[in-house]
Amino acid sequence: MNEQWIKTYRSEIGSFQETISAFQKGDIEKKDYKGISGGMGSYAQRDASKHMLRLRMPGGRLTVERLGFLADTVAKYGVHRMKLTTCETVQLHDLPAEQVAPIMEGAIGVGIYCRGGGGDNPRNVMSSPLSGVQQGEAFDVQPYAEAATEYLLSICRDIKMPRKLKIAFCNGVDDCVHSAFRDMGFLAKPDGTFDLSIAGGLGNNHRMGVPVAEGIAPQDVLYYIRAMIDTFCAHGNYENRAKARTRYLQETLGADGLKAVFLANVEKRKAEGGLDLAVEPVAVDKSGDGELTDARAIPQKQAGLYAVAYHPIGGVLPVEKPAQLYALLKDMPGTECRVAPNETLYIINLTAAEAKKVLAATEDGARTAFEHSVACIGASICQQGVRDSQSLLRAAVQAVREAGLSDGALPKIVISGCPSSCAAHQAGAMGFQGCVKPVDGKPQPAFKLFLGGDDTLGGARFGEPVATILEKDIPALLVELGRAAAEQGWDRWSAEHAAEREAIIARFA
């Protein structure tokens, strides 16, 4: 960002510190404070004396310098809770009010800008986490995520959208960034162009995106982004926040009408000009030193180099981990980390010898497909949360481990603490949504169970709710399902024994 933008941002941080102080004194109501703080990437937690700060990083790009900043921040401020998010950011939790603004200020030095990280703003722009190094990709989309971010931050003070806008760039290998159902999803094609779908989204009245354009020239990406903002501002619902997301434009305009309006806005912006984009992919100038075979070591498209996958349970990153990884990576040229939407951290551009060291430093992560499950931060922290998704996941992992279930007996599950679907439970093979269930006339903690979701590239579909299960019963349900599926594995057993699956679920419903 240019010097003037950063100067203004620093001024905003100073004003925000005054706002936080007023909120802590009770001079600002919680609802009003949320409307202000979200635009600065921060929210008060359920315990309003504690705060979350969201560190937005385009495409989840956690460079070694940013990793060092995290390590220093943990040490300086005593941070004791850190979360990898499904929008490829890092969230710091349980911060005292007086720490938020200084951390925001410190983050500027490593190119982390929290501005617009929440509220009615364009959110962290996502890209395939292994973009630039993944075998089989169409091309590296990470530079487009970074260019889009810089553009959006440059205009975020000048626009007022009805709600947030989520943009994702997929490199064409898998669709973990969910380009099929984002507000804007750019899909890289082998011919060097993008296909685009718009107005998708999860949560209530979830929708797949509407395909609106094929063969988009990469240099035109910003025209399409600005046209989406124009469309949203002109036709979005400013009166009813529950319907103020782009997916509702499919209702108000119809799919064909939305496409027509959007493409007309694209042409208007192209006629004005000034948004042509020129990016250069980042070359990986490094050679390998041997071969390595490990389930967590992924061969890159650069011969002899590897990416190591590290999935802390529930995406809760141990606070000592940034310092541990920084101590390793600072002496490994060309390496960096990427935060993935499935709460996995990838460490990329490693030689075989380097990868072995990183594997040893990350042995505390998930051991099985099931332990790679995804969960939002949950109701113990989030004001909007209904159920504590992190607590449920911990209980489920413990129960499955104690039962000794084989890897593959259960799929990765996805747990959202409320209908907002921050963990994307509607796109999981098995998803849970926090709710309540009446028992003898009294509401009890529970989760809706969704089955059949899929986020694979070209096969995206939403799961359907099949039952409501008391929270206390879910670990036992998972163990029983896993035991039934253990011999064949979940995918095959679930497909071939649907009646048995449903009977087991019915006993817990």
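This one's a predicted model, so the numbers in the text were calculated from it and none came from an experiment.
- Ring orientation note: the planes of Phe186 and Phe169 are close to parallel, at an angle under 30° on the 30°/60° scale.
- Asp140 and Ser131 share a donor-acceptor pair across their side chains, judged by distance under 3.5 Å alone.
- Of all heavy-atom pairs between Ile298 and Ala309, the closest is CD1-CB, 4.5 Å.
- Thr362 and Arg296 share a donor-acceptor pair across their side chains, judged by distance under 3.5 Å alone.
- Inspection of the Tyr248 and Asn205 side chains reveals an N or O donor paired with an N or O acceptor under 3.5 Å.
- One N or O on the side chain of Gln142 and one on the backbone of Pro58 form a donor-acceptor pair closer than 3.5 Å.
- Side-chain contact check for Ile216 versus Asp195: every heavy-atom pair is 4.5 Å or farther apart.
- Side-chain polar atoms of Asn342 and His372 form no donor-acceptor pair below 3.5 angstrom.
- Closest of all the heavy-atom pairs between Leu53 and Ser42 is CD1-CB, 4.2 Å.
- Using a distance-only test at 3.5 Å, with no hydrogens or angles considered, a donor-acceptor pair links the side chain of Gln390 to the main chain of Gly314.
- Across every non-hydrogen atom of Arg226 and Tyr151, the tightest pair is CD-OH, 3.1 Å.
- Asn349 and Tyr306 share no donor-acceptor pair across their side chains, judged by distance under 3.5 Å alone.
- Residues Phe462 and Phe181 bring their aromatic ring centres within 6.0 Å.
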Report the C-alpha separation of Phe139 and Phe194 in whole Å, then their side-chain angles, then the decisive distance to 0.1 Å, and conclude whether the ring-ring contact (aromatic ring centres under 6.0 Å, His included) test is met.
CA-CA 10 Å; Phe139 57 91; Phe194 287 108; 5.2 Å; yes

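- Screening Arg66, Lys330, Arg61 for a salt bridge (charged side-chain N to carboxylate O under 4.0 Å, His left out) involving Glu336 leaves a single residue, Arg61.
- Atom NZ of Lys76 has 12 or fewer neighbouring heavy atoms from other residues, nucleotides or ligands inside a 6.0 Å radius.
- Contact between Val414 and Gly428 at its shortest, heavy atoms only, is CG2-CA, 4.1 Å.
- At least one donor-acceptor pair closer than 3.5 Å links the side chain of Ser389 to the backbone N or O of Cys376.
- By the 6.0 Å and 45° rule, Arg10 does not stack over the aromatic ring of Trp5.
- No side-chain donor-acceptor contact under 3.5 Å links Arg247 to the backbone of Lys243.
- At least one donor-acceptor pair under 3.5 Å links the side chain of Arg56 to the backbone N or O of Arg123.
- Inspection of the Thr85 and Gln91 side chains reveals no N or O donor paired with an N or O acceptor under 3.5 Å.
- The backbone N or O of Gln383 sits less than 3.5 Å from a side-chain atom of Arg46, completing a donor-acceptor pair.
- The aromatic rings of Tyr33 and Phe16 lie parallel to each other, their planes meeting at an angle below 30°, with 60° marking the opposite boundary.
- Using a 3.5 Å distance cut-off with no hydrogens or angles, the side chains of Gln45 and His93 do pair a donor with an acceptor.
- Looking only at atom types and distance, the side chain of Gln4 has a donor-acceptor partner in the side chain of Thr8 under 3.5 Å away.
- With Tyr326 contributing its side chain and Asp72 its backbone, the two residues share no donor-acceptor pair below 3.5 Å.
- Legend: residues meeting ring-ring contact (aromatic ring centres under 6.0 Å, His included) with His235, ordered by chain and number and at least two apart, are absent.
- With hydrogens and angles left out, the side-chain atoms of His51 and Glu98 include no donor and acceptor closer than 3.5 Å.
- Minimum interatomic distance between Ser179 and Cys170 (heavy atoms only, all atoms of both residues): OG-CB, 3.8 Å.
- Between the side chain of Gln99 and the backbone N or O of Tyr77, at least one donor-acceptor pair lies under 3.5 Å.
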Check step by step if salt bridge (charged side-chain N to carboxylate O under 4.0 Å, His left out) holds for Arg269 and Glu272.
CA-CA 5 Å; Arg269 287 294 176 178; Glu272 293 175 5; 3.2 Å; yes

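- Judged by distance alone, the side chain of Glu214 and the main-chain N or O of Leu196 form no donor-acceptor pair under 3.5 Å.
- In summary, the side chains of Gln324 and Lys321 do present a donor paired with an acceptor at a separation below 3.5 Å, with no hydrogens or angles considered.
- There is a side-chain donor-acceptor pair under 3.5 Å between Asp364 and Tyr310.
- A heavy-atom distance below 4.5 Å is found between the side chains of Gln134 and Asp174.
- Salt bridge annotation for Lys160-Asp120: absent, with no cationic side-chain nitrogen under 4.0 angstrom from a carboxylate oxygen.
- Closest heavy-atom contact between Pro322 and Leu317: CG-CD2, 4.1 Å.
- Side-chain N or O atoms of Gln302 include none that pairs as donor or acceptor with a backbone N or O of Lys286 at under 3.5 Å.
- Side-chain polar atoms of Asn124 and Thr89 form no donor-acceptor pair below 3.5 angstrom.
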